[in-house]
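Right, one structure below, let's go through it.
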Protein chains: 2
Amino acid sequence: MSVAVSGDGLPRQHARRTSISEATVARLPVYLRVLAGFADGGIATVSSEQLAVAAGVGPAKLRKDLSHLGSYGTRGVGYDVDYLIYQISRVLGLTQHYSVVIVGVGNLGHALAGYAGFGTRGFRVAALVDADPARVGETIAGLEVQHVDELETIVKEHEVSIGVIATPASAAQDVCDRLVACGVTSVLNFAPVVLNVPEQVDVRKVDLSIELQILAFHEQRKSLSAQAAR
Amino acid sequence: MSVAVSGDGLPRQHARRTSISEATVARLPVYLRVLAGFADGGIATVSSEQLAVAAGVGPAKLRKDLSHLGSYGTRGVGYDVDYLIYQISRVLGLTQHYSVVIVGVGNLGHALAGYAGFGTRGFRVAALVDADPARVGETIAGLEVQHVDELETIVKEHEVSIGVIATPASAAQDVCDRLVACGVTSVLNFAPVVLNVPEQVDVRKVDLSIELQILAFHEQRKSLSAQAAR
DNA sequence: GACCGTTTGTGAACTCGTGCACAAAGCGGT
DNA sequence: ACCGCTTTGTGCACGAGTTCACAAACGGTC
Ligand SMILES: NC(=O)c1ccc[n+]([C@@H]2O[C@H](COP(=O)([O-])OP(=O)(O)OC[C@H]3O[C@@H](n4cnc5c(N)ncnc54)[C@H](O)[C@@H]3O)[C@@H](O)[C@H]2O)c1
Ligand SMILES: NC(=O)c1ccc[n+]([C@@H]2O[C@H](COP(=O)([O-])OP(=O)(O)OC[C@H]3O[C@@H](n4cnc5c(N)ncnc54)[C@H](O)[C@@H]3O)[C@@H](O)[C@H]2O)c1
């Protein structure tokens with residue numbers, strides 16, 4: 001593997017020639033969480049075997065995933081927990097901070113606003129907005145709900161890069177368009193609709209009803225095969 | 001394509017020889033939702049092109065997905081909306097009803113309990129349980145919160161097949177073990193932990209923090225390439 | 001009934017992701 | 001300095017999933 005030496009004299013792997021696969025990126029946060037657990041437990045080094053078991057993946061897959069972000073491991077020993085945490089954080093972009101705006105403060109929006117998990121890894125809920133005048137002014141988790149018309153001002157002022165949509169499905173596309181128009185380039189959508197966005201905007205969806213239907217499919221498969229065995 | 005005739009005289013495609021791929025199963029609920037929208041709008045038939053656009057996938061992928069569940073389409077015309085809804089529902093196992101138990105009625109559990117989307121497609125919230133005695137007895141969306149020790153009784157009585165975990169991460173594995181011990185074979189996990197379950201149990205996870213970190217990765221990628229262009 | 005434009009269903013090529021197996025590399029003990 | 005044990009990093013084969021491209025099928029029209 002080729003190694004470049006940067007100005008400060010520290011060796012620096014530039015494995016950022018080939019981009020990391022989407023499947024790998026989706027697993028890195030899991031590794032990160034598991035590693036954080038090890039670090040809390042005072043464990044200094046882990047083998048790919050241990051990490052793999054804790055993360056629920058195969059050891060080979062784990063090693064291949066990690067190899068995509070550089071060669072940070074010691075043969076015969078394993079990985080240094082703290083160093084690996086740092087490297088994964090760096091690759092995922094968690095060394096920066098991201099401001100999040102939550103749009104739609106209903107049942108779900110309330111839960112999200114109060115969710116402690118946001119703050120833990122570089123994400124900060126900058127504002128809560130809703131279209132319902134009755135909700136505007138309410139304070140949740142230390143934040144006052146603002147009107148959705150303030151969206152552009154809020155996004156500009158707090159340099160919001162991630163928008164979370166927790167409105168009814170009927171309003172989601174409209175809200176998304178407004179977010180994109182304000183310059184938001186990442187959207188996390190909880191509403192059960194397929195959002196249309198320009199090329200450069202990333203959308204990820206969390207869809208409870210789809211998850212349930214996938215489970216239903218497997219339930220049926222299980223009960224059918226149980227029936228066939230009879 | 002071979003066609004079998006069942007006892008009742010109706011022609012019945014037995015495309016259920018080969019199992020449907022996981023990727024396809026994950027998209028079927030999306031098609032179903034889009035189709036429901038078309039049906040509401042009074043549209044009787046759709047082409048793969050129309051459906052694909054509405055579902056946010058390519059037309060070829062859509063046709064291949066649908067072909068996996070039989071040959072329900074008319075060349076030169078398209079698909080009959082109602083019939084396709086029925087067929088997808090059948091394949092996904094939504095013609096049956098599933099009872100769901102929600103474990104952990106905190107911020108998120110509250111939102112889930114009140115979520116209308118549960119009832120719409122054959123899923124029924126049979127019970128809410130929590131470990132906190134202060135929460136037991138509270139009524140949410142017409143259901144009284146019961147103690148988690150009642151879990152086994154509840155699962156047996158309501159024939160619960162799907163368990164939703166909305167407890168803190170520290171309690172999730174324990175709750176999961178108890179659900180599995182009661183005979184629950186599908187779990188939807190909102191807690192940020194990797195659950196260990198026996199082979200025959202399906203687990204799906206919804207993990208907000210992972211989604212955010214994936215978005216962060218792409219945000220970083222975007223800002224880096226913008227910087228490189230400068 | 002033959003023709004024509006349309007749309008499905010699907011083989012085939014291709015890309016992407018996974019798992020195996022092993023050589024290279026490090027560490028500790030002698 | 002050597003040896004043996006452990007574990008990484010990766011080449012390779014394989015399977016899953018996607019995309020292309022087109023023949024076969026259908027409805028409508030003459
Ligand atoms: N509650 C859940 O557990 C749950 C689970 C999965 C998905 N969802 C989805 O999440 C979304 C929200 O669910 P909920 O239960 O919180 O609904 P809700 O009706 O309780 O809340 C929706 C909120 O959005 C606000 N809103 C409506 N239009 C708006 C607009 N144009 N701009 C800004 N705010 C607007 C409303 O005033 C309301 O406060 C829905 O799409 C739902 O399908 C909810
Ligand atoms: N709030 C959110 O928006 C959000 C988003 C994503 C993920 N999550 C995750 O969902 C889970 C719940 O989040 P929350 O905000 O509702 O937390 P919460 O603390 O408000 O609620 C947790 C509930 O679980 C109950 N509980 C604890 N141990 C239990 C046990 N052994 N059996 C049954 N019930 C038990 C508690 O009494 C409490 O009522 C957490 O793991 C959290 O990380 C929450």
Side-chain angles (χ1 to χ4, degrees), chain A residues 1-3 11 13-28 30-31 35 38 43-81 83-84 87-88 91 214 217-218, chain B residues 1-3 11 13-28 30-31 35 38 43-81 83-84 87-88 91 214:
Chain A
M1 178 164 295
S2 63
V3 173
Q13 277 80 3
H14 55 81
R16 211 61 314 89
R17 193 60 43 91
T18 81
S19 143
I20 299 171
S21 91
E22 200 59 31
T24 295
V25 171
R27 282 187 295 269
L28 290 180
V30 178
Y31 304 155
L35 284 165
F38 284 141
I43 298 172
T45 59
V46 284
S47 68
S48 62
E49 179 70 34
Q50 294 173 280
L51 239 184
V53 168
V57 302
K61 181 147 60 176
L62 183 130
R63 285 201 301 274
K64 183 146 289 191
D65 281 342
L66 293 185
S67 77
H68 287 137
L69 38 103
S71 190
Y72 313 120
T74 313
R75 293 166 190 237
V77 178
Y79 300 90
D80 182 276
V81 172
Y83 188 51
L84 196 51
Q87 289 298 343
I88 296 180
V91 168
I214 295 171
F217 171 79
H218 293 295
Chain B
M1 177 164 297
S2 63
V3 173
Q13 276 81 2
H14 55 81
R16 212 59 314 89
R17 194 60 42 90
T18 82
S19 137
I20 299 171
S21 90
E22 201 59 29
T24 296
V25 170
R27 284 187 295 268
L28 290 180
V30 178
Y31 304 155
L35 284 165
F38 283 140
I43 297 171
T45 59
V46 283
S47 68
S48 62
E49 180 69 35
Q50 294 173 280
L51 239 184
V53 169
V57 301
K61 182 148 54 176
L62 183 130
R63 286 201 300 276
K64 182 142 290 198
D65 281 342
L66 294 185
S67 77
H68 287 136
L69 38 104
S71 189
Y72 313 118
T74 312
R75 291 163 190 240
V77 178
Y79 300 88
D80 182 277
V81 172
Y83 188 52
L84 196 51
Q87 290 296 345
I88 296 180
V91 169
I214 295 172

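In the text below, chain A, chain B and the rest are named by the order of the sequence lines, each starting its count at 1. The structure displayed is predicted, hence computed values, not measured ones.
Distance check: B:Leu84 CG to B:Leu28 CG gives 9.0 Å after rounding to the nearest 0.5 Å. Interatomic distance, B:Leu66 CG to B:Tyr79 OH, rounded to the nearest 0.5 Å: 4.5 Å. To the nearest 0.5 Å, the span separating CG on B:Leu35 from CD on B:Gln87 amounts to 12.0 Å.
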Go along nucleotides 12-21 of chain C 5' to 3' and tag each nucleotide: B for a protein heavy atom under 4.0 Å from its base, S when only backbone or sugar atoms are that close, - otherwise. B----SSBBB
Nucleic acid footprint by protein, nucleotides 25-30 of chain D - heavy-atom cut-off 4.0 Å, B for base, S for sugar-phosphate alone: BBS---
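Minimum heavy-atom separation, B:Leu69 to B:Tyr72: O-CE1, 2.8 Å. A:Ile43 and A:Val46 get closest at one heavy-atom pair: CG2-CG1, 4.1 Å. Here the closest non-hydrogen pair linking B:Val91 and B:Ile20 is CG1-CD1, 3.4 Å.
Consecutive pairing runs in DNA chain C reach the stem threshold at C:1-30 with D:1-30, where a stem means at least three Watson-Crick or G-U wobble pairs with distances under 3.5 Å.
Partners of B:Thr74 according to the side-chain hydrogen bond (donor to acceptor under 3.5 Å, both in side chains) rule, which considers only residues two or more places apart in sequence or in another chain, do not exist here. Every residue two or more places apart in sequence or in another chain that forms a side-chain hydrogen bond (donor to acceptor under 3.5 Å, both in side chains) with B:Ser21 is listed here: B:Thr24. The side-chain hydrogen bond (donor to acceptor under 3.5 Å, both in side chains) test applied to B:Glu49 returns no partner, not counting sequence neighbours. In terms of the side-chain contact (heavy atoms from CB on, under 4.5 Å) criterion, residue partners of A:Ala54 (sequence neighbours excluded) are, by chain and number, A:Val34, A:Phe38. Scored by the side-chain hydrogen bond (donor to acceptor under 3.5 Å, both in side chains) test, B:Ser48 finds B:Arg63 as partners (sequence neighbours excluded).
Atom CG in B:Leu62 sits about 16 Å away from atom C1' in D:dC20, given to the nearest Å. Atom P of nucleotide C:dC27 and atom CG of A:Asp80 are separated by 12 Å, given to the nearest angstrom. Put simply, CG on A:Leu66 is 11 Å from C1' on D:dG9, counting in whole angstrom units.
Residue pairs meeting the salt bridge (charged side-chain N to carboxylate O under 4.0 Å, His left out) criterion with at least one member in residues 65-76 of chain A, sequence neighbours excluded: A:Arg27-A:Asp65.
The stretch residues 45-53 of chain B touches DNA chain C through B:Ser47, B:Ser48, each having a heavy atom within less than 4.0 Å of the strand.
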Validation: residues 55-62 of chain A side-chain donor-acceptor distances under 3.5 Å, sequence neighbours left out:
none

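One finds a side-chain N or O of B:Tyr79 lying less than 4.0 angstrom from the OP1 or OP2 phosphate oxygen of C:dG9.
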